[in-house]
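The shown structure was predicted, so the numbers you read here are calculated from the model rather than taken from an experiment.
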Amino acid sequence: MQAGTVTMNVDEYELERETSAPIEMLEHYFAAHGWAHERSGEEEIVANFQGSWAQYELRAIWREEDNVLQFLALPDIRVASDKRPAIYETIGLVNEQLWLGHFELWASSGLLLFRHATLLEGDEGGVLTLRHAETLVEAAIEECERFYPVFQFVLWAGKTPQEAIAAALIETQGEA
């Protein structure tokens with residue numbers, strides 16, 4: 001993770017060997033990073049993370065009956081009705097570049113979000129390792145950070161989705 005990377009203040013070796021119920025492991029992970037978080041029962045946890053571009057709400061929902069952990073990252077982006085066709089096109093182009101997860105727009109609220117899920121199997125039900133928790137969280141944050149400027153170029157700079165992707169994803173060489 002680039003933005004806001006924090007050294008964990010727990011014994012990583014000990015936590016790495018442990019497995020926990022998914023929401024418990026994420027609670028340990030968020031606490032170790034010093035991120036504000038709150039549980040909503042046994043099946044859900046919400047945390048906040050300050051990225052380079054925005055404040056993100058990170059939300060995990062555990063469905064024990066399916067052994068599925070759904071993870072959502074919500075950058076602070078709300079899309080007005082008149083901008084939705086361009087954002088839907090942008091989402092389609094962006095999602096073509098992703099290996100894990102996808103961006104979507106919630107029609108009822110206009111919220112843009114990144115979502116992915118993982119199937120957790122095991123003899124004693126779904127458990128989550130620290131390494132798996134890191135992968136879930138870091139993948140979501142990295143994709144949000146990577147594509148946040150693309151969505152902003154479309155929403156605020158009036159660029160087409162293709163122009164926004166070309167402008168935002170230029171790879172720089174060297175240092176200034």
Side-chain angles (χ1 to χ4, degrees), residues 1-6 22-23 26-27 29-30 33-40 43-63 68-119 128 131-176:
M1 261 183 328
Q2 298 165 350
T5 299
V6 178
I23 300 303
L26 287 169
E27 185 173 34
Y29 181 85
F30 296 149
H33 281 81
W35 298 345
H37 62 280
E38 182 177 332
R39 284 181 71 152
S40 302
E43 299 86 28
E44 187 171 357
I45 189 166
V46 178
N48 292 297
F49 170 79
Q50 180 60 53
S52 296
W53 304 106
Q55 176 81 25
Y56 298 102
E57 178 181 294
L58 307 174
R59 182 177 296 265
I61 303 161
W62 171 239
R63 288 181 43 110
V68 172
L69 180 65
Q70 182 172 210
F71 194 83
L72 301 94
L74 296 98
D76 191 17
I77 299 176
R78 195 173 297 267
V79 181
S81 297
D82 64 323
K83 297 285 189 175
R84 290 185 185 181
I87 290 299
Y88 280 124
E89 183 181 350
T90 306
I91 288 171
L93 294 171
V94 165
N95 284 344
E96 289 176 357
Q97 300 180 43
L98 302 178
W99 282 81
L100 177 67
H102 64 278
F103 283 94
E104 61 186 68
L105 181 65
W106 281 347
S108 62
S109 63
L111 282 175
L112 180 78
L113 64 121
F114 178 83
R115 174 172 33 184
H116 61 106
T118 188
L119 180 63
L128 186 66
R131 184 173 311 278
H132 201 164
E134 286 174 333
T135 300
L136 285 171
V137 175
E138 290 178 12
I141 291 172
E142 286 172 7
E143 297 300 5
C144 285
E145 288 282 288
R146 180 175 158 209
F147 289 105
Y148 187 91
V150 172
F151 295 113
Q152 291 302 314
F153 282 153
V154 172
L155 290 171
W156 299 107
K159 294 195 177 294
T160 68
Q162 295 81 1
E163 291 170 336
I165 289 172
L169 300 181
I170 293 173
E171 302 244 351
T172 57
Q173 302 259 323
E175 290 184 34

Please round to the nearest 0.5 Å and tell me the distance separating atom CZ of R63 and atom CG of L119. 12.0 Å
For L105 and G110, which heavy atoms make the closest approach, and how far apart are they? CD1-O, 3.3 Å
With a 4.0 Å cut-off, would you call E143 and R146 a salt bridge? yes
Close side-chain approach of N48 and E57, heavy atoms under 4.5 Å: yes
Rounded to the nearest 0.5 Å, what separation is found between the CD atom of Q97 and the CZ atom of F103? 10.5 Å
Side-chain donor-acceptor distances from residues 68-82 under 3.5 Å, at least two apart:
| unit_1 | atom_1 | unit_2 | atom_2 | d |
| --- | --- | --- | --- | --- |
| Q70 | OE1 | R115 | NE | 3.3 |
| Q70 | OE1 | R115 | NH1 | 2.5 |
| R78 | NH1 | S109 | O | 3.1 |

Got a donor-acceptor contact below 3.5 angstrom from the E145 side chain to the S52 backbone? yes
Assign the ring pair H37 / F30 to parallel, tilted or perpendicular, where the plane angle (0 to 90°) is split at 30° and 60°. tilted
CG on L58 to OH on Y29, rounded to 0.5 Å: 9.0 Å
Supply the atom-to-atom distance H116 NE2 to L100 CG, rounded to the nearest 0.5 angstrom. 5.0 Å
Closest approach of T118 and H132, non-hydrogen atoms and distance? OG1-NE2, 3.1 Å
Please report the shortest heavy-atom distance between E104 and I91, naming the atom on each side. C-CD1, 3.9 Å
To the nearest 0.5 Å, how far apart are OG1 in T160 and CZ in F153? 12.0 Å
Does the side chain to side chain contact (heavy atoms under 4.5 Å, CB included) test come out yes or no for Y56 and Y148, once each step is laid out? CA-CA 11 Å; Y56 298 102; Y148 187 91; 4.3 Å; yes
Sequence neighbours excluded, which residues qualify as salt bridge (charged side-chain N to carboxylate O under 4.0 Å, His left out) partners of E44? R59
Centre-to-centre under 6.0 Å for F147 and F114, is that the case here? no
In this structure, CD of Q162 is separated from CG of L93 (nearest 0.5 Å) by 5.5 Å
List in chain and number order the residues that pass side chain to side chain donor-acceptor pair (under 3.5 Å) with E43, two or more places apart in sequence or in another chain; answer none if no residue qualifies. none
